[in-house]
Every structure is written in C-alpha cells, then in structure tokens.
There are 2 protein chains.
Amino acid sequence: MDELAILEQAKSYRTVERGTMLAEAGEPLDHLSSVVSGCATMSRSFADGRRQMVGLLLPSDFIGRPGRAVSPYNIEAASEVTLCRFERRTFEQLMDRSPNIAHRMLVMTLDELDAARDWAVVLGRMSAREKVINFIVNLARREAAAHDGTVAEGPVQLHLPLSRETIADYLGLTIETTSRQFSALRRDGLIETPSAREVRIPDFARLALEIDDDDGGVIS
Amino acid sequence: MDELAILEQAKSYRTVERGTMLAEAGEPLDHLSSVVSGCATMSRSFADGRRQMVGLLLPSDFIGRPGRAVSPYNIEAASEVTLCRFERRTFEQLMDRSPNIAHRMLVMTLDELDAARDWAVVLGRMSAREKVINFIVNLARREAAAHDGTVAEGPVQLHLPLSRETIADYLGLTIETTSRQFSALRRDGLIETPSAREVRIPDFARLALEIDDDDGGVIS
DNA sequence: AATCGCCCTTGATCTGCATCAAGGCGACAG
DNA sequence: CTGTCGCCTTGATGCAGATCAAGGGCGATT
C-alpha cells in the first residue's frame, strides 16, 4: 500500500469552468485525472459540424489512459468540473511497480468497455423516446450509486448537468427531437420539469419499465 | 518469458461451424480464446427481436475477459471459426504472476475501448451510405493489416464474412437498406460485386475518400 | 437437369426524425 | 423596470430509412 501513499502525495486538484477544453482530439494529454465533481463530455466532431459524444464523465470517472499520450476525443467541461490530477509519468511509473494499481486499471477499463458497447446498442437500435428515457434513467441510477446505492422506487428528482444540445449530441439526435421527447414524457406524466435543467420523476419504476423489459442500457 | 511457454502449452484449438453460439449473454464463459480464422459477432438482442452487434471478432481478436466469468453479449460464429483457447483459471493465474501479460491485456483492452467508442460515432452520426462504406473500408484495412500492412491504393478484392442481415444488425440498419446501399455503390462505380459475398473495389482511395475527409471509423 | 430453400434485391408506401422557421422564457446587465 | 442574449420549445414541412410485399439468383440436393 506504499504506492497508494505516493499517489496520494502526487495528486493535485484543479477546477475549471464550463466550456473548458480538457483535451483536444489528437493532442497530447500529459495529466491523468479523475472527476471529483461536475460533468465532462468526450466527443468527436466531423468536418461538417456533426458531433457525437462517446461518453459522459461523471464523478469517479477517469480521464486519460496510462501509456497513451494522445486523447482520441475532445474532452470538454459540461459544467464546472473539479479534477484530481496526476502527472502521467508519475502514474505510469507507479503502475509499472505496482501490479495492484495495474490490475485496478484493467478492471476499470473493462467496465468502460462494457459501457461503450452498451452505448452502441442504444445508438444503433433505440428510438428517440427510448434514448431519452434511457438517458434519464441511467443518470438517476448513476447519481444514486454515488450516494447510497439504489434508486428509490418512489419519486426522484435530479439535475441535468447537460444542455439540450449536449444531450442531443450524446444521444445521436437533434436538439429539437430531444426537446420534443422531453415534452412528450411530460405530457405522459412520466416526468415533470420544474425547470429545463431539473427533472422530477414521480414514479421511477414506471419510467424504467419502458426500457427495462427490452434491455438495459448504460450511461457512461 | 517462462509464462509464455506455459501459455503455449496450455492452449488448445477448437473449430466450430457457422451459427454456433460461443457465448450466451448473461451466461458464464469458462474459456478465453483468440480468433485464429473466420469471423464471429458480439451482439445483444431485445425482447422484440431488434438486435445490435457491438463488435466483429476477426483473426487475432480476443474473446472473453480475464476476471469476468460472464459474457454480457451473445457471441456467435458468423462463419466457420477456429479458436485458440485457454482455460480461464489458468490464464488468470498466469496473469497474476506475470505483470507482462497483465500489461499486454491492458493495452489490448484500451484498443478495444477506442474501437467501441469509434463505433458509437458511426452508429450515432453516419448516414446509411457512410456506414456501409465505413464497413467495407475497414474490413479491407483489417484484412490488409493481417497480411502485409497497408491497403493497396489500386483495386482490392475482399470476401465478406457476414450475411446482409448480419451486416445490417452490425450497422444499425435494416437488411433492405443495407442491400440498397450496396446497389447504390455499385451504380456509382465505387464497388463491383462478383457475388453477394464478394466485393471488388476498383479504386480504394476513391471509396475511402467519401468518409475520410470527415472522420475515420473503426471496425471491431 | 430439375427442384428446393435460402438469401439477396427491388419496388411501393409509410413514418420517425431532421430541417427550416418562429417565438417564448428566464437570467443577467444597465 | 426593460432590453438583450442564450437556451429551450413548438409548429410546418421534407426526406432518409423502415416496413410491407414480391420476385430473382444461386448453391445444394437428388
């Protein structure tokens, strides 16, 4: 556990405001970090303006990969974000010496891999409505996991850390379609929207039911 | 390098015919393998019949994950497939003893992660035509990589290891749309199809150009 | 060579989402 | 209080891809 003590000592914190680019696709990234609070997005853009998010980075998520200097994606703060950072070299040296940390990285990467593949299922085969429900449900689950454990099966309230445009780029939809789906869910009584960034779910089980009898999806 | 010798000794080969399920989603998978020849698919199915492939498994690809007994996806032989297998326990014990192998697994997993994320970009933002071109181009590149290195910029011929239906489920399209896109590419002179499973690309650079000025995609 | 069965292709039509085009609403500044 | 700016919503219309419905080609079997 000596290594963890060294890591502990080597870390530094940094807080950035919304809109800050934490990494540019194809550019070197000399720090590894983990998200402490806030939300960042990983995305790729096309020359013609199309954009697709490939993942959300929420508290406890890891940014950057050991042994890879270059980020293949744009990473941008979607809200104010606080990071816990390590210099890449320091981290890599530690990993070389500690099978423990290396093993932990492998487990983490395997989890991310599953999440990325589940994401492909959502993008490839779900309707706009299902995508939006999936997004809300997973965000709620993720939030709950950070605190206690499971989502309460009664009413749940949650704050959306992303704008409609960002959600749209995440779900592979347009901003208008995304907005319309939120409105439709409101009409159906599945959600309430005290404000655009706030969602209240009166009956979480009922909402989750719309996607879970088919198949689950994953958010990050 | 002692460990590699042990691995060498522990491996066994197995050949299965087209259609064989190598793993069932949610079921334990007690062997790790790598594809020697042929092609397998990883997919998830919905209760209503929708299906989405999350990856192609081509020669040199790895099946199963160390430390995870259960496969989250269906894995099915899309053609006759030969596997090189290791018992999970044997492999895991080796990994625990050899940081070398563990490190190699991490690198491999990170590559798969990038591929899975690139795949999300294809599914989320590309048109049917772009998806099909992307598929053909990457299959050609993958095939070339297995032999020499780069794809010849002149004419290229390749065999499709997948049926139209499988390609459709891979690309998040219907079989009809997929077929129509192949026909359209033929009309445009970008490909020739001596048979349904055979594609000849008269000018590889011209085909690749249709997607590469936007963004690359990845196949597995 | 004839028959069967499996894919693959093509056509006609329908529909979900994109695109185009106005507003509306809340936050913030003066 | 009022104007402005950024973001969100809603409506009208168009189109890419899904769905429905026939064929057609080709390898396998006899």
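Protein chains get the first letters and strands the later ones, always in sequence-line order, with residue 1 at the start of each.
Rounding to whole angstrom units, CZ of residue B/R187 and C1' of C/dG11 are separated by 12 Å. The interatomic distance linking A/F182 (CZ) with D/dT10 (C1') rounds to 16 Å, in whole Å. At whole-Å resolution of the value, CG in A/L123 and C1' in C/dC17 are 15 Å apart.
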Could you pull out all donor-acceptor pairs under 3.5 Å where a side-chain atom in residues 12-25 of chain B meets a protein atom, sequence neighbours excluded?
{"unit_1": "B/Y13", "atom_1": "OH", "unit_2": "B/K11", "atom_2": "NZ", "d": "3.3"}
{"unit_1": "B/T15", "atom_1": "OG1", "unit_2": "B/T82", "atom_2": "OG1", "d": "3.0"}
{"unit_1": "B/T20", "atom_1": "OG1", "unit_2": "B/E17", "atom_2": "O", "d": "2.6"}

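A salt bridge links B/R68 and A/D111; the closest N-O separation between the charged side-chain nitrogens and carboxylate oxygens is under 4.0 Å. Taking the charged nitrogens against the carboxylate oxygens, A/R142 and A/D61 do have a contact shorter than 4.0 Å, which makes a salt bridge. A salt bridge links A/R117 with B/E112: at least one charged nitrogen is closer than 4.0 Å to a carboxylate oxygen. Taking 4.0 Å as the cut-off between side-chain N and carboxylate O, B/R51 and B/D169 count as a salt-bridged pair. Checked for salt-bridge contact, B/R129 and B/E210 meet the test: a charged N lies under 4.0 Å from a carboxylate O.
Using a 4.0 Å cut-off, no side-chain N or O of A/S195 falls inside it from OP1 or OP2 of C/dG26.
Under the 3.5 Å distance criterion, with hydrogens and angles disregarded, no donor-acceptor pair is assigned to the side chains of B/Q181 and B/T178. Residues B/D114 and A/Y73 have side chains that never bring a donor and an acceptor to within less than 3.5 angstrom of each other.
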Please write out the pairs of protein N or O atoms and N or O atoms of nucleotides 4-7 of chain D separated by less than 3.5 Å, giving the distance to one decimal.
none

At under 4.0 Å between heavy atoms, how does the protein contact nucleotides 15-29 of chain D? Give one character per nucleotide, 5' to 3', with B, S or -. --SSBB---------

